[in-house]
Protein chains: 2
Amino acid sequence: MFIPAKTNRISSNIVDQIRKAILGGDLKPGDRLPSEKELSQQFGVSKASLREAFRALEALGLLEVRQGMAGGAFVTEVNLETARSNLFNYIFFQNPAIHEFTELRSFIEPAAAEIAARKASPKDIRELEQNLERTRKKLDAGPFYYDLDTQFHHRIASITGNRLVCFVIDSLKNAIVNIKLELELDQAFSVKVFEAHKRIVEALRNRDPETCRVEMLRHIREVDEMMTACCDAEKPFVA
Amino acid sequence: MFIPAKTNRISSNIVDQIRKAILGGDLKPGDRLPSEKELSQQFGVSKASLREAFRALEALGLLEVRQGMAGGAFVTEVNLETARSNLFNYIFFQNPAIHEFTELRSFIEPAAAEIAARKASPKDIRELEQNLERTRKKLDAGPFYYDLDTQFHHRIASITGNRLVCFVIDSLKNAIVNIKLELELDQAFSVKVFEAHKRIVEALRNRDPETCRVEMLRHIREVDEMMTACCDAEKPFVA
DNA sequence: AAATATTAAAACATCTGATGTTTTAATATT
DNA sequence: AATATTAAAACATCAGATGTTTTAATATTT
């Protein structure tokens, strides 16, 4: 019925105005806003209020303020890092169960893998093979390394050429790694992941979309089982 | 190789510290930080710098600062609205093609619909039928209404009980509506959407997951075609 | 002439302290 | 008991002083 009453802070007002100008196309990435002094006069507010607005816009990733003679406030495209970080703030509080991550991943990643099997270039395949090789080398180095795993899934996602798909897969992986993770995953886990990755690349190399899809689904479910088992065993979380 | 050099602004430092305290569990939603005066002394910075940090944390949705005697800075859970808005900032610049939206949706929504057909409670179905009824009433009222459409897809997503799925579907819909939208979609479009929704609810009512999935996929592809055609025709965008 | 060092200015960064506004809780009044 | 008043806590805003960074222009050296 009613909409939550808004803040009437001057800085919010300025944030809204500038954000709208950006989303409305009046301000474009690279554009420089007038200096603090000028802009505060234009808005009819103090420098302090304007600066508070700048800090908010920077947090959103819409602005970058640089010091120095050729400095100032520049409009920027929101970068991936900022977007993922801001999304993470939300997911953190949702604290989804592993099966929620798994379910969503099982919708997206097998489908993406299927498409990747059709689209992958020789270079794509080479990069994935490199990833496998690096993973293999780390296999008996003890703890599970998330970096190469994250990279593996990222590469496959990016073969689809769909930036939204890529972003979601990345963000999910990132969130799992940062929230659920640091479960003490043993070497058996690493090996299973490696074997699954191998089968997926194999299917990709064979240009076999259906197998690629199936193997990815199997991989995701297998990881789910292992992580869930690990959680249930109440192995220590390391924040 | 190298990581982009970071700002060394005092406010960023404070933002990082407080964000980490929240994500690390030292600060929980509802907790009140010390007053500006106290905190600025603890950090050894001026009130102005602290306030800049507060504005950034508010933009991230992690803090809510209230005026008045019982006011102060309170830790908050990032709410859906903030998360969607922040994600939108990113998607806006990516400006994905309609087919990118469609592709991702076609991964998620049919799968969600399939699950919804298994899980839907009588209440869920009643609400969807209400949505249909309202949509029907607006059918010949002229322009396409996004509200009920958005609600329809949201309801189905939420039946899955998976908050991540729900969030992604919501956010995609929201982004389409705000970026691509305001294409001049004609009544034929509205009718096709309505018919598709009807078929989906029908399948849901019959507890027929497979049909539900197929119909959702068909719906999404159909909408894609119509929107693409509308774009190609270069019908006017209304910002 | 080219390379290097110096300097000045533009623009942000931070601090201080004064004043205003909001909100709540305690108190006084009806 | 209900209502009105008031005081205090805490944020909101402003003005202005001072510091730091960065760049561009200038001067100096090779």
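Sequence lines set the chain letters: A, B, ... in the order given, protein chains first and strands last, and positions in each chain run from 1.
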Open item on the list: What I want to find out is whether A:E52 reaches A:R55 closely enough, with some N-O distance under 4.0 Å, to be called a salt bridge.
Closed with: no
TODO: Search all heavy atoms of A:L50 against all heavy atoms of A:S40 and return the closest pair with its distance.
DONE: CD2-N, 3.7 Å
Task: Qualifying residues under side chain to side chain donor-acceptor pair (under 3.5 Å), relative to B:H154, sequence neighbours excluded - done: B:D170
Short heteroatom pairs, N/O only, protein and nucleotides 22-26 of chain C, under 3.5 Å:
{"residue": "C:dT22", "atom": "O4'", "partner": "B:Q67", "partner atom": "NE2", "Å": "3.1"}
{"residue": "C:dT23", "atom": "O2", "partner": "B:M69", "partner atom": "N", "Å": "2.9"}

Task: Partner residues of A:D224 under the side chain to side chain donor-acceptor pair (under 3.5 Å) criterion, sequence neighbours left out - done: A:T102
Task: Non-neighbouring partners of B:E38 that pass side chain to side chain donor-acceptor pair (under 3.5 Å), sequence neighbours left out - done: none
Open item on the list: Show every salt bridge (charged side-chain N to carboxylate O under 4.0 Å, His left out) that has at least one partner inside residues 91-104 of chain A, sequence neighbours left out.
Closed with: A:E100-B:R163
Open item on the list: Strictly below 4.0 Å, N to O, side chains only: are A:D149 and A:K173 in salt-bridge contact?
Closed with: yes
Task: Range-with-range stems of DNA chain C (Watson-Crick or G-U pairs under 3.5 Å, three or more in a row) - done: C:1-30 with D:1-30
TODO: Using a cut-off of strictly less than 4.0 Å, decide whether A:R32 has a side-chain nitrogen or oxygen near OP1 or OP2 of C:dA11.
DONE: yes
Open item on the list: Less than 3.5 Å apart, any donor N or O on the side chain of A:D124 or A:S121 sitting next to an acceptor on the other?
Closed with: yes
TODO: Determine whether the side chains of A:N13 and A:Q17 contain a donor N or O and an acceptor N or O closer than 3.5 Å.
DONE: yes
Open item on the list: Just the rounded figure in Å: distance from C1' of C:dA11 to CG of A:L33.
Closed with: 13 Å
Open item on the list: I need the CZ-P distance between A:R9 and D:dA12, as an integer number of Å.
Closed with: 5 Å
For residues 78-85 of chain A, dump all side-chain donor-acceptor pairs below 3.5 Å to protein atoms at least two apart in sequence or in another chain.
{"residue": "A:N79", "atom": "OD1", "partner": "A:E81", "partner atom": "N", "Å": "3.2"}
{"residue": "A:N79", "atom": "OD1", "partner": "A:T82", "partner atom": "N", "Å": "2.7"}
{"residue": "A:N79", "atom": "OD1", "partner": "A:T82", "partner atom": "OG1", "Å": "2.8"}
{"residue": "A:E81", "atom": "OE1", "partner": "A:R84", "partner atom": "NH2", "Å": "3.1"}
{"residue": "A:S85", "atom": "OG", "partner": "B:R19", "partner atom": "NH2", "Å": "3.3"}

Task: Nearest-Å distance for atom pair CD1/C1', residues B:I10 and D:dT20 - done: 12 Å
Task: Those residues of residues 44-56 of chain A lying under 4.0 Å from DNA chain C by at least one heavy atom - done: A:K47, A:R51, A:R55
Task: salt bridge (charged side-chain N to carboxylate O under 4.0 Å, His left out): pairs with one or both residues in residues 126-139 of chain B, sequence neighbours excluded - done: B:K123-B:E127, B:E127-B:R155, B:E129-B:R205, B:E133-B:R136
Task: Partners meeting ring pair (Phe, Tyr, Trp, His ring centres under 6.0 Å) with B:F189 (sequence neighbours left out) - done: B:F144
Open item on the list: What residues from residues 34-43 of chain B pass a heavy-atom cutoff of under 4.0 Å to DNA chain C?
Closed with: none
Open item on the list: Under the salt bridge (charged side-chain N to carboxylate O under 4.0 Å, His left out) definition, can you give me all pairs with a residue in residues 22-34 of chain A, not counting sequence neighbours?
Closed with: none
